[in-house]
Amino acid sequence: MENRARIAYVPPMQTAAALMPIPGHIDPVPVPRAFVPRSDGRIDLLGLSKLDLRMALETSQLDAKQAKLRAKQLFHWIYNRGVTDFSLMTDISKTMQPWLDQRFVISRPAVIEQQVSTDGTRKWLLRSDDAQDYEMVFIPDADRGTLCVSSQVGCTLNCRFCHTGTMRLVRNLTPAEIVGQVMLARDALGEWPSTPEGRMLTNIVMMGMGEPLYNFDNVRDALKLVMDGDGLALSKRRITLSTSGVVPMMARAGAEIGVNLAVSLHAVTKEVRDEIVPLNRKYGIEELLQACADYPGANNARRITFEYVMLRDKNDSDAEAHELVRLIKHYQLPAKVNLIPFNPWPGAPYDTSTPERVRAFSNIIFAAGISAPIRTPRGRDIDAACGQLKTASEKMSRADLDRQAEEKLSALG
């Protein structure tokens with residue numbers, strides 16, 4: 001049974017003489033918890049599961065039978081239909097609607113700025129109730145639309161090619177703030193109620209600001225809401241979680257979330273990966289690739305994606321392409337490699353590999369029977385491309401960036 005931060009569940013008492021299972025459905029026995037109200041005294045229902053909703057209603061003195069029914073109704077209206085106004089919930093009585101409105105609210109993240117790229121990519125700057133900023137990006141394509149979702153305000157890692165990595169970690173995003181990004185995108189695209197066909201938003205990637213596996217519980221709970229068939233109903237095959245290599249959490253991610261896995265690899269030698277992905281000093285390439293080999297559910301139909309940013313004269317040689325092939329085959333990984341042209345930002349210490357070098361690298365991997373598409377940069381003109389998300393407006397010198405990098409490395413131990 002999961003150890004959830006928001007609600008603890010107490011299993012039914014058992015004795016030695018009462019170990020036989022009792023037939024029929026048995027509801028879990030929840031332990032009431034304190035729901036933290038907003039400044040206006042109301043409780044925000046965004047980010048709550050069916051059981052969370054039920055408990056919120058019960059703690060507001062609604063009887064258990066009514067709470068169970070209303071929780072199911074609210075879940076449908078919130079996550080399937082995207083409704084934020086209780087008065088529009090037509091199967092809830094007109095006398096109950098004001099009662100709900102007095103005690104609860106269904107929020108959305110506050111939009112501070114929205115930008116649209118010349119290629120159609122959209123970026124939103126969002127602000128939390130405690131005045132913390134984070135970003136999300138929607139990337140439309142002919143056959144799909146992908147929402148890039150953030151999991152943290154800032155980042156505790158310091159991947160040297162990544163602009164977000166120059167930020168300090170402020171805090172984890174809550175389930176409400178994570179799923180709220182999906183809800184807001186659905187609002188903007190006019191995609192309510194949730195239907196499996198005809199969507200513009202077809203895919204989600206946990207590749208925005210932050211390291212998702214350092215905010216595991218909140219990311220898991222948010223994605224369960226996204227995948228719930230009674231709500232947002234997005235298939236786990238349409239969701240990809242990206243990690244820089246938090247090895248101890250990878251098996252749990254596969255078992256408890258079960259979505260597709262992407263790994264920010266970016267190098268094939270210890271020396272280079274230690275530099276550009278400092279987490280490698282804690283969890284090395286061999287340990288990381290073994291965790292990939294052990295990832296639950298990975299197979300040829302659900303390949304692991306290796307993200308590989310192309311940095312000129314740093315990780316883009318023919319020899320490194322051959323070594324990448326060797327590693328994938330040595331660990332017998334069902335994998336593909338996404339080659340990402342480096343997206344520059346002010347103060348970045350690297351240059352972008354030439355198009356010819358990227359193609360040569362890709363050709364070596366393809367020749368070995370491994371897919372290695374070259375990702376087309378999207379949203380560069382609004383700093384929405386891979387590795388460019390950063391909400392801080394201040395400009396940092398190279399010396400400041402180097403000093404901050406050393407501080408983060410020291411914290412890794």
Side-chain angles (χ1 to χ4, degrees), residues 1-6 8 149-160 162 164-165 167-175 178 204-224 227 236 239-299 302-308 324 327-328 330-335 405 407-413:
M1 188 160 297
E2 297 173 354
N3 180 18
R4 301 174 73 106
R6 298 198 308 279
V149 175
S150 292
S151 58
Q152 296 179 310
V153 179
C155 187
T156 190
L157 304 176
N158 192 65
C159 299
R160 299 299 296 276
C162 180
T164 313
M167 299 177 65
R168 297 181 186 277
L169 176 66
V170 178
R171 67 169 175 83
N172 289 332
L173 293 178
T174 66
I178 296 169
I204 289 174
V205 291
M206 296 299 304
M207 295 182 185
M209 295 170 60
E211 165 55 63
L213 295 188
Y214 277 150
N215 186 19
F216 180 83
D217 288 354
N218 290 346
V219 167
R220 176 198 61 207
D221 293 352
L223 290 182
K224 284 189 174 182
M227 294 184 288
K236 66 181 180 180
I239 301 172
T240 299
L241 185 149
S242 177
T243 178
S244 291
V246 185
V247 169
M249 301 302 297
M250 288 170 62
R252 279 192 68 192
E256 297 181 31
I257 307 175
V259 297
N260 301 317
L261 180 68
V263 174
S264 295
L265 189 62
H266 308 305
V268 294
T269 66
K270 173 176 170 52
E271 178 185 10
V272 175
R273 196 165 193 268
D274 279 355
E275 175 188 336
I276 66 178
V277 186
L279 186 63
N280 194 70
R281 303 184 186 187
K282 190 168 186 178
Y283 308 113
I285 293 175
E286 293 80 7
E287 190 177 359
L288 172 59
L289 295 180
Q290 186 59 55
C292 291
D294 297 337
Y295 186 74
N299 54 49
R302 298 187 64 196
R303 294 172 294 174
I304 293 172
T305 299
F306 289 109
E307 307 286 351
Y308 199 99
L324 179 54
L327 288 170
I328 290 173
H330 175 75
Y331 286 92
Q332 299 180 329
L333 296 171
E407 289 174 356
K408 289 188 176 184
L409 287 175
S410 297
L412 284 175

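When a residue number appears, it is its place in the shown sequence, counting from 1. No experiment lies behind these values; they were computed from the predicted model shown.
Under the 3.5 Å distance criterion, with hydrogens and angles disregarded, a donor-acceptor pair is assigned to the side chains of Asn218 and Asn215. The closest side-chain donor-acceptor pair between Thr243 and Glu211 falls under 3.5 angstrom.
Contact check on Arg220 versus Asp217 returns a salt bridge, with a Lys/Arg side-chain nitrogen under 4.0 Å from an Asp/Glu carboxylate oxygen.
Taking each heavy atom of Ala267 and Ile276 in turn, the nearest pair found is CB-CD1, 4.1 Å. Closest heavy-atom contact between Ile328 and Ala335: CG2-CB, 4.2 Å. Nearest heavy atoms, Thr240 versus Ala262: CG2-CB, 3.7 Å. Nearest heavy atoms, Val153 versus Leu169: O-CD1, 3.5 Å. When every heavy atom of Pro334 is checked against every heavy atom of Ala298, the shortest pair comes out as CG-C, 4.0 Å. Pairing each heavy atom of Phe216 with each of Ile257, the nearest pair is CE1-CD1, 3.9 Å.
Of the possible donor and acceptor atoms, none in the side chain of Arg273 sits under 3.5 Å from a partner among the backbone N and O of His266.
Atom CG of residue Leu327 and atom CZ of residue Phe306 lie 9.0 Å apart, to the nearest 0.5 angstrom.
Contact annotation: the side chain of Leu241 approaches that of Pro212 to within less than 4.5 Å [non-hydrogen atoms, C-beta and beyond].
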